[in-house]
Amino acid sequence: MSETPDSAVRTYIEEHRAAFLADLAEWLRIPSVSAQPEHAEDVRRSAEWLAAKLRETGFPVAEIWPTDGAPAVFAEWPSGDADAPTVLVYGHHDVQPAAREDGWHTEPFEPTTIDGRMYGRGAADDKGQVFFHTLGVRAHLAATGRTAPAVNLKLLIEGEEESGSPHFRELIEARRERLAADAVIVSDTGMWSEDTPTVCTGMRGVADCEITFRGPDQDIHSGSFGGAVPNPATVAARVVAALHDEDGHITVPGFYDGIVPLTDQERALFAELPFDEAKWLRTAKSYATHGEAGYSTLERIWARPTAEVNGIGGGYQGPGGKTIVPASAELKLSFRLVAGQDPDKIEQAVRDWIATRVPAGIRYDITFGAATRPCLTPLDHPALQSVARAMGRAFEQPIRFTREGGSGPAADLQDVLGAPVLFLGISVPSDGWHAPNEKVELDLLLKGVETTAYLWGDLAAQPLR
């Protein structure tokens with residue numbers, strides 16, 4: 001392992017700060033909006049720009065990988081050390097749509113720096129967090145005197161994450177051998193706050209379905225037929241009412257099978273975070289917390305599975321009354337999943353449970369969308385501890401741990417590559433991902449640079465194989 005002197009790293013970063021930020025601004029000017037077909041050429045241009053910049057950084061391999069949608073960028077820089085572990089960095093170069101009339105104070109694709117913040121679409125999500133790896137690896141080399149990283153370093157920068165990553169799993173399955181790694185670093189996440197740097201240890205998965213219940217072949221008179229034939233809207237309501245018990249537990253048999261429980265250490269670490277529940281409720285535009293009994297709010301949104309009713313409808317919805325038994329009713333349900341849950345098994349469990357809730361005379365269809373698997377890295381995993389140590393050196397304070405309540409393509413990387421996934425992000429909640437006036441705090445961005453400068457040497461010393 002090559003030691004990386006902190007002072008040498010910081011000096012190098014400061015000397016190259018201006019050029020780094022100028023390059024980032026140039027990249028942000030490319031409107032790589034994957035969701036809008038008119039920007040397809042811009043997404044390709046973004047990939048080409050990044051590949052060229054990675055070659056300029058020193059990566060001997062930087063390739064554009066086409067998909068049936070938008071292109072990804074792959075880069076590789078072998079360590080040269082026979083026993084060096086291999087680390088894959090994941091991020092994305094596409095961005096959300098943005099227009100000045102959405103409420104931006106500046107042009108979204110003309111980066112503007114004000115009071116130590118760079119405003120622009122993609123500044124935090126995710127171009128800024130991808131780009132800090134370029135200066136980080138150069139600082140690592142400069143401070144250690146190495147000519148190649150202490151790890152075999154690979155990058156995979158996707159071009160469709162903001163469109164749901166429709167071709168991502170197919171891509172990584174097809175390129176599995178090129179992407180093989182001992183650990184995966186995902187730089188598409190954030191921290192608790194500017195004052196409380198954190199490392200995310202996992203993300204929930206998700207499965208969702210739509211159910212249509214059909215009763216009569218058409219709407220029928222409730223006076224002539226009501227009370228004598230089954231009502232599909234009543235069936236939908238009963239399914240929803242039966243989904244949870246009085247303690248907020250999900251009643252689908254087998255739903256909790258195999259779940260990795262929260263450890264006492266994790267619960268204690270979550271409790272240490274400066275969580276203001278009243279402020280959180282204001283952000284949620286809600287008036288009370290609710291959920292599974294026996295768990296805190298953070299535990300519920302990070303480490304416990306959910307079943308949510310996303311939509312329910314059926315029958316007459318217009319003004320006034322219409323006394324009918326409706327012909328059909330619809331439900332939309334989603335299930336957030338945690339480590340140990342298999343989406344395929346959850347789908348079958350839900351199907352089996354619905355079948356027991358539907359009376360004779362009601363026909364139904366249930367359709368599931370593409371699922372995302374959950375991922376979790378244990379607190380004591382050596383790669384996770386490396387990320388926390390490197391981040392602690394950069395921020396000069398202890399690092400705490402969180403999870404993410406949402407879902408993303410990280411689980412596909414863990415599933416296909418069989419490697420632990422670590423999350424290294426420096427974004428904070430005020431950065432406004434997907435919103436007008438997205439920005440990145442420049443001091444935090446440079447802390448991300450510094451973290452990666454320390455990380456590769458630390459990971460090289462760990463038993464990752």
Side-chain angles (χ1 to χ4, degrees), residues 35 68-69 160 163-170 204-245 248-259 304-318 321-338 341-374 406-409 411-412 415:
D68 288 339
E160 294 185 304
S163 297
S165 302
H167 303 100
F168 184 67
R169 188 176 179 102
E170 179 184 357
R204 293 193 293 189
V206 66
D208 64 271
C209 67
E210 297 184 16
I211 311 171
T212 300
F213 300 97
R214 296 183 177 87
D217 289 335
Q218 64 181 37
D219 294 350
I220 56 176
H221 192 285
S222 65
S224 300
F225 303 104
V229 296
N231 185 317
T234 301
V235 174
R238 285 178 172 165
V239 166
V240 168
L243 194 54
H244 299 86
D245 66 17
H249 298 120
I250 298 159
T251 59
V252 176
F255 188 84
Y256 294 98
D257 290 355
I259 284 179
R304 297 300 296 169
T306 67
E308 292 294 342
V309 180
N310 308 128
I312 180 171
Y316 180 66
Q317 303 294 324
K322 187 179 182 183
T323 52
I324 59 167
V325 175
S328 64
E330 298 79 32
L331 287 180
K332 294 180 183 289
L333 306 177
S334 65
F335 305 89
R336 294 288 174 173
L337 310 179
V338 298
Q341 289 181 298
D342 182 332
D344 294 337
K345 292 181 179 179
I346 295 300
E347 176 179 337
Q348 190 58 55
V350 172
R351 288 182 180 276
D352 292 345
W353 181 75
I354 291 293
T356 69
R357 312 297 306 183
V358 179
I362 295 291
R363 299 149 294 156
Y364 72 95
D365 298 310
I366 179 169
T367 304
F368 276 80
T372 299
R373 293 180 177 275
S407 307
D412 283 334
D415 191 38

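For clarity, every value in this text was computed on a predicted model and none was experimentally measured.
Annotation: the span from Asp344 atom CG to Arg373 atom CZ amounts to 5.5 Å, rounded to 0.5 Å. The line from NZ of Lys322 to CD of Gln317 is 11.0 Å long, rounded to the nearest 0.5 Å. Ile220 contributes atom CD1, which lies 5.5 Å from atom CZ of Phe225 (distance to the nearest 0.5 angstrom). Going from atom CD1 of Ile324 over to atom OG of Ser224 covers 13.0 Å, rounded to the nearest 0.5 Å. With rounding to the nearest 0.5 angstrom, the CG atom of Asp257 is 11.5 Å from the CG atom of Asp342.
Residues Arg304 and Arg204 approach most closely at O-NH1, 2.9 Å, considering heavy atoms. The two atoms that bring Ile312 and Val309 nearest to each other are CB-CG1, 4.4 Å, heavy atoms only. Nearest heavy atoms, Ile250 versus Ala307: CD1-N, 3.6 Å. Annotation for Ala360 and Pro230: closest pair O-CG, 3.6 Å, computed over non-hydrogen atoms. Residues Thr251 and Asp245 come closest through the heavy atom pair CG2-N, 3.7 Å. When every heavy atom of Pro232 is checked against every heavy atom of Ala329, the shortest pair comes out as O-CB, 3.5 Å.
With a 4.5 Å cut-off on side-chain heavy atoms, Leu243 and Val252 count as touching. The side-chain heavy atoms of Pro305 and Tyr256, taken from C-beta on, include a pair separated by under 4.5 Å. Taking 4.5 Å as the limit, some side-chain heavy atom of Asn231 sits within range of a side-chain heavy atom of Pro326.
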Which atom pairs, one a donor and one an acceptor, fall under 3.5 Å between side chains of residues 350-359 and the rest of the protein, sequence neighbours left out?
unit_1, atom_1, unit_2, atom_2, d
Arg351, NE, Glu347, OE2, 3.1
Arg351, NH1, Ile366, O, 3.4
Arg351, NH2, Glu347, OE2, 3.2
Asp352, OD1, Gln348, NE2, 2.8
Thr356, OG1, Trp353, O, 2.6

Name each donor-acceptor pair under 3.5 Å that joins a side chain in residues 205-214 to protein atoms two or more places apart or in another chain, with its distance.
unit_1, atom_1, unit_2, atom_2, d
Glu210, OE1, Lys332, NZ, 3.2
Glu210, OE2, Lys332, NZ, 2.8
Arg214, NH1, Asp365, OD2, 2.4

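When atom types are taken as modelled, the side chain of Asp412 and the backbone of Arg169 share no donor-acceptor pair closer than 3.5 angstrom.
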**Request:** Determine, step by step, whether Gln341 and Ile259 satisfy the side chain to side chain contact (heavy atoms under 4.5 Å, CB included) criterion, reporting the C-alpha distance in whole Å, the side-chain angles of both residues, the deciding distance to 0.1 Å, and the verdict.
**Result:** CA-CA 6 Å; Gln341 289 181 298; Ile259 284 179; 3.6 Å; yes

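Applying the 6.0 Å contact sphere to CZ of Arg363 captures more than 12 heavy atoms from other residues, nucleotides or ligands.
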